[in-house]
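A short write-up of the structure that comes next.
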Amino acid sequence: MENQMEKIVALCKRRGFIFQSSEIYGGLNGFWDYGPLGVELKRNVKDAWWRDMITMHDEFSVPPGAPQSFSMVGLDCSIIMHPQVWKCSGHYDLFHDFMVDCKACNARFRVDHVKSSECPLKPSKHPGEHDKCQLTEPREFNLMFKTTLGALGGAEDVAFMRPETAQGMFVNFKNVVDTTRVKVPFGIAQAGKSFRNEITPRNFTFRSREFEQMEMEFFCHPSQSYEWYKYWRDRRYAWYLKLGLSSEKLQLRDHAKDELSHYSVGTADVEYAFPFLEAGEFGELEGIAHRGDFDLRSHMEGKLVKNDAGQLVVEQGPDGKPRHPGSGKDLSYFDDQTRERFIPHVIEPAAGADRATLAFICEAYTEDRQPDEKGELQERILMKFHPKLAPIKVAILPLVKKDGMPEVGLNLYREFKAAGIPAYFDQQAAIGKRYRRQDEIGTPWCITVDGQTLQDQTVTIRDRDSLQQWRAPVNKVVDEIAAKLRG
RNA sequence: GCGGGUGUAGCUCAGUGGUAGAGCACUGGCUUCCCAAGCCAGUCGUCGUGAGUUCGAUCCUCAUCACCCGCUCCA
């Protein structure tokens, strides 16, 4: 299966889907660039998500499986936010670990966990207590990217590149409620770049240090939150299936209780069996988390921790004051129908745009055997993208470069462009070779102008996966393809 | 971060201590009425990067970067 992944990576490079960042300088670990086809594919993934979340959402009807109708609005917040955001969210403390390595047993321990860890050489002792232990000096691990505000900025002006987009939606909760007339329940959706200093970037774009997220925060009444959690969990899983991931490779996995984050009441992952994983293993595409009122309360009161009784309370510093004070703003919600004031609970479906894109690439990659012009079976590589995701929807190919066929084809190409449908015109090389080129970049349909076109104004449409062809009037094909893309 | 492997044309790879080659691809032309076709012509390389040894390094040595595999990590 490693071989399979190598072929996929090679195709991504060869056809301009994904390049290594800064390749001419030797590359940069954990960073990737999307080429001309890759940018279209990833945009289509993000568009499909945005349309599903925002554009197509009907706030006056009750979607199947939903407890009631609801509103959805979008947001695009800055990547760099007030440093206090990350202190209250818990990222600052969680992402700033001091670690020691033991050179004797190649193990790494958090400094504050050494006394509770077992030495791999002798489990009855702690790391550093065994004769053979060779612990390094504590080293700081900054999992958040640091940057500096202002040209002369010093230590006082440290800021962070966001490690998730979610906080922008919590911080803007009050702005949205005050300015848009939305009522709970409603969701705020945002897609954008996030940054994490992953210790081990690996597996192509799966674990990158700069990546794009598609996140939504759904605010609801505490009494309804579990229903909404189940609704979004099922709906998000179905979204991937609808866009072509196979049910054998996609799973919805509920987290075990001990796996839940400290604030989470329930979490499920949408996971995909990537080719770089062992058989039976799955990689996370999206996490759907029930976050309770943790986030809004954190930004009101300050960073929260769980006390011995299991309740979330503001973490105290040595001086007895909040360790990381919140904004002090009231982020509660007043329901003017029930006259009830409450802090909404949050359901968060958080997806990786690059991971989803990679899953669609892996799923699409197909090798089959098709007869050549002599009838002998030849290997064919094709990308079976869902038409909604395919970077190029249709290729227009004059069968031969004469008798007016290129002119008819070029006119058709321009009609597709005018209709906003990504199209490609190719009159070079033999027809079979051009079909294969399109197969390899996942173009769902090829339209061929042939001798008959000049007689009766019909062209052939060829299906990528089945290789079947049928004729359609040249003045109807744009509509026909447009209809297929809608359907 | 540790251990192992890899790095030569766009791709797949060959090769040698004396400054590089094949197939495919690509470009142009001719031919070609449906699935990687034929003929002709043509383009393409800081041999990952840097340093050392040497009269001379793509080849030997060291360092470094990137990718792959295993371990570790994964809020």
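Letters A, B, ... are given to chains in the order of the sequence lines, protein chains preceding strands, and every chain is numbered from 1. Computed from heavy atoms alone, side chains included, the values below leave out hydrogens, waters and symmetry copies.
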Is the side chain of R380(A) donor-acceptor paired with the backbone N or O of Q370(A) at a distance under 3.5 Å, no angle test? no
Let me know, please, whether V400(A) or H91(A) comes out on the 5' side of the other along RNA chain B by nearest nucleotide. V400(A)
Pair listing, side-chain hydrogen bond (donor to acceptor under 3.5 Å, both in side chains) test, anchored in residues 26-40 of chain A, at least two apart: Y34(A)-D354(A)
Evaluate the ring planes of Y92(A) and H324(A), with Trp represented by its six-membered ring, and classify them as parallel (under 30°), tilted (30 to 60°) or perpendicular (over 60°). perpendicular
Under 6.0 Å from the OH atom of Y424(A), do we count more than 12 heavy atoms belonging to anything else shown? no
Do any N or O atoms of the protein come closer than 3.5 Å to N or O atoms of nucleotides 25-31 of chain B, and which pairs are they?
from, atom 1, to, atom 2, distance (Å)
A25(B), OP1, K433(A), NZ, 3.4
C26(B), OP1, R437(A), NE, 3.1
C26(B), OP1, R437(A), NH2, 2.9
U27(B), OP1, Q428(A), OE1, 3.3
G28(B), OP1, Q428(A), NE2, 3.1
G28(B), OP2, Q428(A), NE2, 2.8

Between C68(B) atom P and E278(A) atom CD, what is the distance in whole Å? 15 Å
Starting at CG of L28(A) and ending at C1' of C67(B), how long is that distance when rounded to a whole Å? 13 Å
Side chains of E480(A) and W470(A): is there a donor and an acceptor less than 3.5 Å apart? yes
Would you say the side chain of F160(A) lies within less than 4.5 Å of the side chain of H91(A), judging by non-hydrogen atoms? no
On a whole-Å scale, what distance lies between the C1' atoms belonging to G10(B) and A25(B)? 7 Å
Distance check needed: C68(B) C1' versus F276(A) CZ, whole Å only. 13 Å
Polar side chain donor-acceptor pair, D450(A) to T453(A), under 3.5 angstrom: yes
All salt bridge (charged side-chain N to carboxylate O under 4.0 Å, His left out) counterparts of R202(A), not counting sequence neighbours: none
Do side-chain atoms of Q190(A) reach the backbone of T165(A) as a donor and acceptor pair under 3.5 angstrom? yes
With pairs defined as Watson-Crick or G-U wobble and both distances under 3.5 angstrom, please note down RNA chain B as a dot-bracket string, | for pairing with another strand. (((((((..((((....[..)))).(((((.......))))).....(((((..]....))))))))))))....
Do F170(A) and F173(A) have their ring centres less than 6.0 Å from each other? no
Rounded to the Å, how far apart are Q427(A) CD and U32(B) P? 16 Å
Would you measure the distance from the P atom in C13(B) across to the matching atom in G3(B) and give it in whole Å? 27 Å
Could you tell me how far apart I18(A) (CD1) and C67(B) (P) are, to the nearest whole angstrom? 13 Å
Near RNA chain B, under 4.0 Å by heavy atom, which residues of residues 455-463 of chain A? T460(A), R462(A)
Ring centers of F206(A), F276(A) separated by less than 6.0 Å: yes
Rounding to an integer number of angstrom, what distance separates U58(B) and U46(B) when you compare their P atoms? 12 Å
Please work out if Q20(A) contacts a base, only the sugar-phosphate, or nothing of the nucleic acid, heavy-atom cut-off 4.0 Å. sugar-phosphate
Does E198(A) get its side chain close enough to the base of C73(B), under 3.5 Å, for a donor-acceptor pair? no
G21(B) to A9(B) separation - C1' atoms, rounded to the nearest Å: 10 Å
Reckon G30(A) touches a base, only the sugar-phosphate, or nothing at all at heavy-atom distances under 4.0 Å? sugar-phosphate
Considering only the C1' atoms, how many Å lie between C11(B) and G7(B), rounded to the nearest integer? 15 Å
Report, one pair per line, the protein and nucleotides 6-12 of chain B atoms (nitrogen or oxygen only) whose separation is under 3.5 Å.
from, atom 1, to, atom 2, distance (Å)
C11(B), OP1, K13(A), NZ, 3.1

Just call it for R202(A): base, sugar-phosphate, or nothing, with non-hydrogen atoms closer than 4.0 Å on any strand. base
Salt bridge (Lys or Arg N to Asp or Glu O under 4.0 Å): which pairs involve residues 454-470 of chain A, sequence neighbours left out? D439(A)-R462(A)
For atom C1', what is the distance between U12(B) and G50(B), given to the nearest Å? 29 Å
On the 0 to 90° scale, with breaks at 30° and 60°, tag the H290(A)-Y229(A) ring pair as parallel, tilted or perpendicular. perpendicular
What integer distance in Å separates L399(A):CG from C35(B):P? 9 Å
Among all residues two or more places apart in sequence or in another chain, which pass the salt bridge (charged side-chain N to carboxylate O under 4.0 Å, His left out) test with E212(A)? K42(A), K46(A)
Looking at residues at least two apart in the chain, or sitting in another chain, which of them share a salt bridge (charged side-chain N to carboxylate O under 4.0 Å, His left out) with R414(A)? none
Side-chain N,O (N29(A)) to OP1/OP2 (C67(B)) below 4.0 Å: yes
Of P163(A) and F204(A), the one whose closest RNA chain B nucleotide lies more 5': F204(A)
Take atom P in G48(B) and the same atom in A14(B), then report the distance between them in whole Å. 14 Å
To the nearest angstrom, the CG-P distance between D439(A) and A36(B) comes to 11 Å
Where along nucleotides 40-47 of chain B does protein come under 4.0 Å, by heavy atom, of base (B) or sugar-phosphate alone (S), with - for untouched nucleotides? --------
Under the criterion side chain to side chain donor-acceptor pair (under 3.5 Å), which of E164(A), E210(A), Q213(A) is the partner of S194(A)? Q213(A)
Of all residues at least two apart in sequence or in a different chain, which pass the side chain to side chain donor-acceptor pair (under 3.5 Å) check with E301(A)? R297(A)
Separation between the P atoms of A66(B) and U49(B), rounded to whole Å: 15 Å
Once you round it to whole Å, what is the distance between P of C73(B) and CG of N197(A)? 18 Å
Sorted by chain and residue number, the salt bridge (charged side-chain N to carboxylate O under 4.0 Å, His left out) partners of R209(A) (sequence neighbours excluded) come out as none
Under 4.0 Å between a side-chain N/O of N203(A) and OP1 or OP2 of C69(B), yes or no? yes
